[in-house]
There are 2 protein chains.
Amino acid sequence: MGIKELARHLNISIGTVSRALNGHPEVNAETRKRVLEAAAALGYAPDQAGRSLRQGTLNVVALLLSTDLTSKTDTMFFMELSRGIQDQFAEHGLDLVIHLNKPGMDMLDRVKRIVERRQADAIILAETRDNDPRLDYLAGRNFPFATMGRSWSGGSHPWMDLDFDFAMRAAIDRLAGFGHRRVALVTGDPGYRLDTMLQDAYRRELMDRGIAVDEALMIKADTHEEGGYKAMTDFLAMSEPPTAVIFPHYRAVVGAYACLSESGLQPGRDVAILSCSADTTIAQFMAPPLTCFRLDLYGLGRRLAQALLASMSRFAESYGGALVQEIWPWELIGRDSDGFRVG
Amino acid sequence: MGIKELARHLNISIGTVSRALNGHPEVNAETRKRVLEAAAALGYAPDQAGRSLRQGTLNVVALLLSTDLTSKTDTMFFMELSRGIQDQFAEHGLDLVIHLNKPGMDMLDRVKRIVERRQADAIILAETRDNDPRLDYLAGRNFPFATMGRSWSGGSHPWMDLDFDFAMRAAIDRLAGFGHRRVALVTGDPGYRLDTMLQDAYRRELMDRGIAVDEALMIKADTHEEGGYKAMTDFLAMSEPPTAVIFPHYRAVVGAYACLSESGLQPGRDVAILSCSADTTIAQFMAPPLTCFRLDLYGLGRRLAQALLASMSRFAESYGGALVQEIWPWELIGRDSDGFRVG
DNA sequence: GTCTATTCCGTAAACGTTTACGACGATAGC
DNA sequence: GCTATCGTCGTAAACGTTTACGGAATAGAC
C-alpha cells in the first residue's frame, strides 16, 4: 500500500497525492478531500524510510539513558521526564525513542553510532558529567542536542537544570532552623554535574552561616538502598555523628531508615533526614514521611524538548530560535523525617 | 559521507564497497580489507533510511509501554526487562526503541501507527489484557510481535509469562503453614491477564485446602502506595479482618505498612503481609523486610526477545523457528513481613 | 483574438542503499 | 586452442517518497 497504489486508485499522479497529504497549497480543495478520504479508507500512511531518505529527516529524537544509573536511582524520574519530552515532540509529529545504554558500553560510542547511522534528528542526553566528551562530539558535528543538566563541555547548547543552590539553601535553612550544626551530605559519583553542584552549594551554605565544613561529613555512597544503609552506618560509627543528614535520593533514605531502626534510633527524632530527591508518593508513606522536594518533572521534560526544538533550524521559527537554558525551582516539602530541635 | 564518496575515494564501484561492508563472499580479501579500513578511517556508516528503503527492513523493534501503568507500579520491572530485550537484539544489530504511550491515548492507535508507517520490524507488547484488540490487529496484518503475558487474543504468538499458579501456591502454602485461614488478596484492574490469573489461582489454592473463599477478602485497589493504604484501611474496618494479606506490588505494601503503623499494628506480628512483586532491593530494607518473589527479569527479557526473533523469518533459522511460549518460575523469598503463628 | 496571469497537475529526478545481472580476465580441463 | 568454470567487479535498477520544473487549462484584460 504505497503512494503509487493510492494514486492509481484515485486516477491522480503520485505528485498530487503527496502534495495533498502534506498540505501544500497548490492543490484543488476537492482533490485534497478525495485524497485524504481515500488515504484514511485504505489505511495509507507514508513510509518513513522513503520520506526520510528523500528529505533527509527522520522525525525521530533519541533520548539516551544508561541502565546502570536508572537502576541505581529512580526510574520514575526519567519516566516522568520522558513523558513530558514525548508529549512536546508529538505536537510536531516527532517520535521520541529511548536508547538504553548498558553499563559496560561507552556512551560516546553509542552517541557516535546514532549520529553516523543517522538514527535520529537530534539527541537528548541526561546524566551529564562535568567533562563530557559526548557533548563535545555532538557540538563538533553540529548535531542538534540538549541536555538534562549543565556541563562544562559542548559549548553553549540548550539545557534544563535544577536550582541546586536554592535546594541546598532551603534544606540547610530548615535544618539550621531546627538547631542542627553538624549536617552531613551524602553524594554520588564524583564527576557528575549534579553532585559537584550539590557539594559546592552545601559548602557555601554552611560557610555563610559560620558553620565550619567538616569534610568527614561529606561521604560518597551509591544512590540506592545499600548505599544509604552503608553511609548511615559510617555516620553512626563516628565519634561525633551528625545530627542531620542530607541524602540525594529517597532510595538511599530507605536504607538509612533501616540502619537507624536496627540501632534503635528513629529518624526525625534522633537523626534528621532530608532528601534532595523529587517528591514521589513513596516519600509520604515512609515512616516517618520524608522531607524532600517537589519537582514538575513532566513540565521540565516538555520545556527541555522545547529548548531542543528551538535550536533545530526546522522548528526554530516556531520557538523564537533563541538559545534556551533554564534553571528550574524546587519546592521543599517539609515532613516529619527531619523535624526536631537539637539541643 | 555516503557510500559513493567512499567508493570514489577508493577507486572502486559502490557495489563492491557495499558487498565488502556486508560481508558478501564474492569480494577479494585484499579489497575488503581496504574498504573496511577506509570506512573506519573516514567514519562511514551506512544510512539507515537508504538501507531500509532498499531491503524493506529497519533493524528496529518497538517496545510499547504505557506511562500510566508504569507510573502506578514498578518502572524497575520494565527497565530490567528492557535491558534484557535490548541486549538480545543487539547481537543481531537490532535496536530496541521504547514507545511511551500516554494515559489518554489508545494503545491500538499507537500500534496501528507503528505498523502503517513501518516504524519497526516487530513489536513487543506488555500489559496484555484478556481481550486485546492490539494482538488481533497485529496477527491480522501478519506483523511479527511478542507479548509479555499471555492473552486470549492474537492467536498463537510468542510470549513469556510468569507462573502465577506456582506463585500463589507458594504464597498460600507459606501463609497456611503459619496457620492463616483468612487470607486476603488485593488485585489491580480487572481485565488484565495478570490479575485474572492471580485471582483464579488464589481461589483454587484456597479451595484445595478446604478454605472457603470469602469474596469480601478480594478487593481491587490501585497498585501504588495510596491503593495499598486504602485497601489496608478497608480490611482493618471489617468485623473480622484478614490475618494475612497478599499484595500484588511492593509499592502497595508501602502504603499498607503506613496504614498499619498508624493503627499501632505491626506487619509480621499483627498482620502478615506478602507481596507478589519482583524482589527489589527496597523490599529487603523495608521494616520489616518484605516477603516477595525473586524473578530473573533480565533473563526474561532476553528470552522474550529470542521468542520474537524465532518468529521472524529473517532470524528463524538461527533460533530453530519453533513457536516459543514459556512460563517462568518465581522463587519465594521469605522474610519477616509475614512470619507469625496465628491462633 | 491575443497575451498574461493563475490554478492545478503530471513528469521525472533525487535521496543512499542493496543486489540481480552481466562482463571480464584468469585458470583449468580436454 | 577451445570451452567451461571460477573469482572478482562494474552497471543499473529498485525501494517510496518529495519537489523543482514545466505544461495545460482556464480566466481576465486589452
Side-chain angles (χ1 to χ4, degrees), chain A residues 1-36 38-39 42-60 93 95 113-121 314, chain B residues 1-36 38-39 42-60 93-95 113-121 313-314:
Chain A
M1 181 73 268
I3 199 174
K4 269 188 294 202
E5 198 169 343
L6 181 59
R8 189 154 40 80
H9 182 264
L10 283 166
N11 267 346
I12 306 184
S13 78
I14 59 170
T16 306
V17 173
S18 173
R19 278 185 291 258
L21 290 172
N22 293 15
H24 288 221
E26 66 271 59
V27 49
N28 189 300
E30 168 66 20
T31 313
R32 160 167 296 124
K33 189 158 155 290
R34 280 181 58 218
V35 172
L36 256 36
L42 279 73
Y44 167 80
D47 180 287
Q48 276 298 327
R51 163 176 285 179
S52 36
L53 180 56
R54 166 64 215 226
Q55 53 189 20
T57 187
L58 284 167
N59 289 338
V60 163
D95 277 327
R113 202 162 137 244
I114 294 174
V115 172
E116 285 170 356
R117 300 179 67 169
R118 295 174 204 79
Q119 294 186 122
D121 299 330
R314 208 157 32 119
Chain B
M1 179 75 267
I3 199 175
K4 269 188 295 202
E5 199 168 343
L6 181 58
R8 190 152 42 79
H9 183 264
L10 284 165
N11 268 346
I12 306 185
S13 78
I14 60 169
T16 305
V17 173
S18 174
R19 278 185 291 258
L21 290 172
N22 293 16
H24 288 221
E26 66 271 56
V27 48
N28 188 300
E30 167 67 19
T31 313
R32 160 166 297 126
K33 187 157 157 288
R34 280 181 57 218
V35 172
L36 256 35
L42 279 73
Y44 166 79
D47 180 288
Q48 276 299 329
R51 160 176 287 179
S52 41
L53 180 56
R54 165 63 215 227
Q55 54 189 21
T57 187
L58 284 166
N59 289 338
V60 163
L94 297 181
D95 275 327
R113 205 164 134 242
I114 294 174
V115 172
E116 285 169 355
R117 300 179 66 170
R118 295 176 203 77
Q119 294 186 120
D121 299 330
S313 51
R314 215 161 24 124

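These numbers come from the heavy atoms of this one structure, side chains and all, not from hydrogens, waters or symmetry mates. In the text below, chain A, chain B and the rest are named by the order of the sequence lines, each starting its count at 1. Treat the numbers as computed from the prediction; the structure is a model and nothing was measured.
- Axis deviation across the helix from dG1(C)-dC30(D) to dC30(C)-dG1(D) amounts to 60°, comparing end segments of five pairs, rounded to 10 degrees.
- DNA chain C lies under 4.0 Å from at least one heavy atom of each of the following residues of residues 48-58 of chain A: Leu53(A), Arg54(A).
- Between His24(A) and Arg32(B), it is Arg32(B) whose nearest contact on DNA chain D lies nearer the 5' terminus.
- Per the geometry, CD1 belonging to Ile3(B) stands 11 Å off P belonging to dT19(C), to the nearest Å.
- Nucleotide dT18(C) holds its C1' atom 13 Å from the CG atom of Asp47(B), rounded to whole Å.
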Could you list all N or O pairs between the protein and nucleotides 8-11 of chain C that sit under 3.5 Å apart?
residue, atom, partner, partner atom, Å
dC9(C), OP1, Thr31(A), OG1, 2.6
dC9(C), OP2, Asn28(A), N, 3.0
dG10(C), OP2, Ser13(A), N, 2.9
dG10(C), OP2, Ser13(A), OG, 2.8
dG10(C), OP2, Thr16(A), OG1, 2.7
dG10(C), N7, Arg19(A), NH2, 2.9
dG10(C), O6, Arg19(A), NH1, 3.0
dG10(C), O6, Arg19(A), NH2, 3.2

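- The CG-C1' distance, from Leu21(B) to dT19(C), rounds to 14 Å in whole Å.
- Counting only distance, with no hydrogens or angles, the side chain of Arg8(B) and the backbone of Leu6(B) share no donor-acceptor pair below 3.5 Å.
- Scored by the salt bridge (Lys or Arg N to Asp or Glu O under 4.0 Å) test, Arg34(A) finds no partners at all (sequence neighbours excluded).
- At whole-Å resolution of the value, CG in Asn59(A) and C1' in dG16(D) are 15 Å apart.
- Residue pairs meeting the salt bridge (charged side-chain N to carboxylate O under 4.0 Å, His left out) criterion with at least one member in residues 22-33 of chain A, sequence neighbours excluded: Lys33(A)-Glu37(A).
- One atom, CD of Glu30(B), and another, P of dT8(D), lie 12 Å apart when rounded to the nearest Å.
- Qualifying side-chain hydrogen bond (donor to acceptor under 3.5 Å, both in side chains) partners for Thr31(A), counting only residues two or more places apart in sequence or in other chains: none.
- With sequence neighbours excluded, the residues forming a side chain to side chain contact (heavy atoms under 4.5 Å, CB included) with Leu53(A) are Ala49(B), Leu53(B), listed by chain and number.
- Residues that satisfy the salt bridge (Lys or Arg N to Asp or Glu O under 4.0 Å) test with Arg54(A), not counting sequence neighbours, are absent from this structure.
- Every residue meeting the side chain to side chain contact (heavy atoms under 4.5 Å, CB included) condition with Ser18(B), not counting sequence neighbours, appears here in chain and number order: Ile3(B), Asn22(B).
- Partner of Ser13(A) under the side-chain contact (heavy atoms from CB on, under 4.5 Å) criterion, out of Val17(A), Asn11(A), Thr16(A): Thr16(A) alone.
- Judged as a side chain to side chain contact (heavy atoms under 4.5 Å, CB included), and not counting sequence neighbours, the contacts of Thr57(A) are Gln55(A), Asn59(A), Asp121(A), Arg314(A).
- Following rounding to the nearest Å, Arg8(B) (CZ) and dG16(C) (C1') show an atom-to-atom distance of 14 Å.
- Within the 4.0 Å cut-off from OP1 or OP2 of dT18(C), at least one side-chain nitrogen or oxygen of Ser18(B) is found.
- Every residue two or more places apart in sequence or in another chain was checked for a side-chain hydrogen bond (donor to acceptor under 3.5 Å, both in side chains) with Arg19(B), and none qualifies.
- The salt bridge (Lys or Arg N to Asp or Glu O under 4.0 Å) search around Arg113(A) returns Asp95(B), not counting sequence neighbours.
- The NZ-P distance, from Lys4(B) to dT17(C), rounds to 9 Å in whole Å.
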